[in-house]
Amino acid sequence: MLILSQKSIFTFLINNIYLYQYYKNMINKSVAELIESEGLLLQEIHIKGWVRTFRSNRFIALNDGSTINNIQCVIDFENTSEETLKRINTGAAVSIKGTLAASQGRGQSVEVQVSEIKVLGDSNPDEYPIQPKKHSFEFLRENAHLRVRTNTFSAVMRVRSKLSFAVHQYFQERNFNYVNTPIVTGSDAEGAGEMFRVTNFKDNEAPLAEDGTVDYSKDFFGKETNLTVSGQLEAETYAMALGKAYTFGPTFRAENSNTTRHLAEFWMIEPEVAFMDLDGNMDLAEDFIKNVLNSILESCKDDLAFLDQRLTQEEKSKPQAERSDMSLLEKLRFVVDNNFKRVSYTEAIDILRNSKPNKKKKFQFPINEWGADLQSEHERFLVEKHFKCPVILFDYPADIKAFYMRLNDDGKTVRAMDVLFPGIGEIVGGAQREERYDVLVEKMKAMNIDEKELWWYLDLRKFGTAVHSGFGLGFERLVQFTTGMSNIRDVIPFPRTPQNAEF
RNA sequence: UCCUUCUUAGCUCAGUUGGUUAGAGCAUCUGACUGUUAAUCAGAGGGUCCUAGGUUCGAGUCCUAGAGAGGGAGCCA
């Protein structure tokens, strides 16, 4: 009995030493690493991923999310059970052991000769919505939890991730401080848009004040609170101590806007720099955009190549007149390699007033007088027809811009700037901030902004005020431009728009 | 919020002046084939034509209302 068990323990140990050696030598790598590594040819490997397609009962296109590319896994179907073969369906999670080999087929250089396949998670083909075929983006939006399994969305989301990193890297390398400004905010004075109310009152149980309005002094925070529409004002307080600061966080707008460029919840990047004027601000915005795009051109080559092809295909279905004359990659390189055109509002109005569409009354809103806000048709004309490159407009009329923008000596324009991009319009909005206490107070009075609400903002002008500037950049619009996606709902994992908060 | 277009099979879409039993490709299932590249070939199943009214002998098609979605505009990032 004792001898037997000793013997079995011995064989057990021996077997497991072999197994251990086997697995120790087996190479565990991602699909991205395998495709790149010719040196691993003929080595034993172990990979896990999801089946994209299964052809001829023999070829699995396997994807693990590490790259847009699939790795082909070749099955010896004559020696694989019927039951296993039937479970290799699109979307199934599988674990594969085998040998990396040079491919006999044309579509790929390496492939895996499968020695063992296990289906880890089945995917019923009758019910799985993602098929190996073209789906409309509308359909995929309704399946936002699964759409990232498609080539287009996985590419977009990998680019989004890399862009996010590039944003931090840009600022961190230049010694900006990352500031986390509040998401629940007590000031509604900024006027950047409609806000979402934050309250802890239960339905129909909000206490009323004597005048019949809701008494928010009894609410959780003791005052009316909302979700932030911008971290700028708070970021300014940090710039005025740390010198260079930036925010990168979620912002919320309760506007009922249904467009391809607006979300109710989106991510905004807002740098704010002390002792920097508007020229410095324009330099920063341009350098920042070029820099992050450049790093994406380096780090996301495969994904961009795919997105470039995708866009070219999509453009083919459009009428000739609406097609872009540059591919996605050409557009990105163009932005990186060329200077943005800087034009004052006044110059822009002159160009527009004398433009062909204005004279032929093609504009829906004709340009007549100085002082009118530019409509998107005008911005598009300047960027896409006249200059044919990114444009920075600056020195806008004071009346159409926010209270905190610095008044110029002419008394009628402010040191504001917008960066306009082809296709998506305004990607950056910024300004040199009004640093003079008296001028700021007067502006707030004129624009009906409660000084008491923003006492802390005014304090910055009372104690050690200085010239400072900053801008806001909609992260999703940057992702849109970088990936060539036309709808902003397709560049954020779970879009929040009017009438839609699924997932 | 306004303008506009759309809603037909699981998906993408055809469907004639209003006229028999509403079609195709892909997907699924069955079979054949097996070095394929969104494999191929043969066959089968699959429909509340968005909803509710109305006109008509007869409505997927015309009218009214509603719902949902796309695109454009406004607001903006």
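The sequence lines fix the lettering, A, B, ..., with proteins before strands; numbering per chain opens at 1.
Checked by atom type and distance alone, the side chain of Q480(A) pairs as donor or acceptor with a backbone atom of T260(A) at under 3.5 Å. Using modelled atom types, one side-chain atom of R433(A) and one backbone atom of G470(A) make a donor-acceptor pair closer than 3.5 Å.
The CG-P distance, from L85(A) to rG31(B), rounds to 13 Å in whole Å.
At the heavy-atom level, R52(A) lies nowhere under 4.0 Å from the strands shown. Q131(A) comes within 4.0 angstrom of a base, heavy atoms only. Across all strands shown, F266(A) has heavy atoms under 4.0 Å from base atoms, whether or not it also approaches the sugar-phosphate. Looking at heavy-atom distances under 4.0 Å, N256(A) makes contact with a base. When heavy atoms are screened at a 4.0 angstrom cut-off, S136(A) is found touching the sugar-phosphate backbone but no base atom. Heavy atoms of L478(A) sit nowhere under 4.0 angstrom from any nucleic acid atom. Residue-level contact check: H135(A) touches the backbone only, with heavy atoms under 4.0 Å from sugar-phosphate atoms and none from bases. Within the 4.0 angstrom heavy-atom criterion, base atoms lie near N258(A).
Remark: R174(A) is positioned above the aromatic ring of Y170(A), its terminal NZ or CZ atom under 6.0 angstrom from the ring centre and at most 45 degrees off the axis. A cation-pi geometry, defined here as NZ or CZ lying under 6.0 Å from the six-membered ring centre and within 45° of its normal, holds between K401(A) and Y396(A).
Of all heavy-atom pairs between A245(A) and V179(A), the closest is CB-CG2, 3.6 Å.
For rG70(B), one of the phosphate oxygens OP1 or OP2 lies less than 4.0 angstrom from a side-chain nitrogen or oxygen of R141(A).
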Footprint string (nucleotides 32-38 of chain B, 5' to 3'): B base within contact, S backbone only, - free, heavy atoms under 4.0 Å: --BBBBB
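The T259(A) side chain lies nearest to rG74(B) when the options are rU1(B), rG74(B), rC75(B).
Below 30°, between 30° and 60°, or above 60°: for F363(A) and H378(A) the angle between ring planes is above 60°, a perpendicular geometry.
Partners of Y345(A) according to the side-chain hydrogen bond (donor to acceptor under 3.5 Å, both in side chains) rule, which considers only residues two or more places apart in sequence or in another chain, do not exist here.
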Dot-bracket line, read 5' to 3' along RNA chain B, where crossing pairs take [ ] and | marks a partner on another strand, Watson-Crick or G-U under 3.5 Å: (((((((..((((.....[...)))).(((((.......))))).....(((((..]....))))))))))))....
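Atom P of rU17(B) sits at a distance of 34 Å from the matching atom of rA73(B), rounded to the whole Å. Rounded to the nearest Å, the gap between the C1' atom of rA67(B) and that of rG53(B) is 15 Å.
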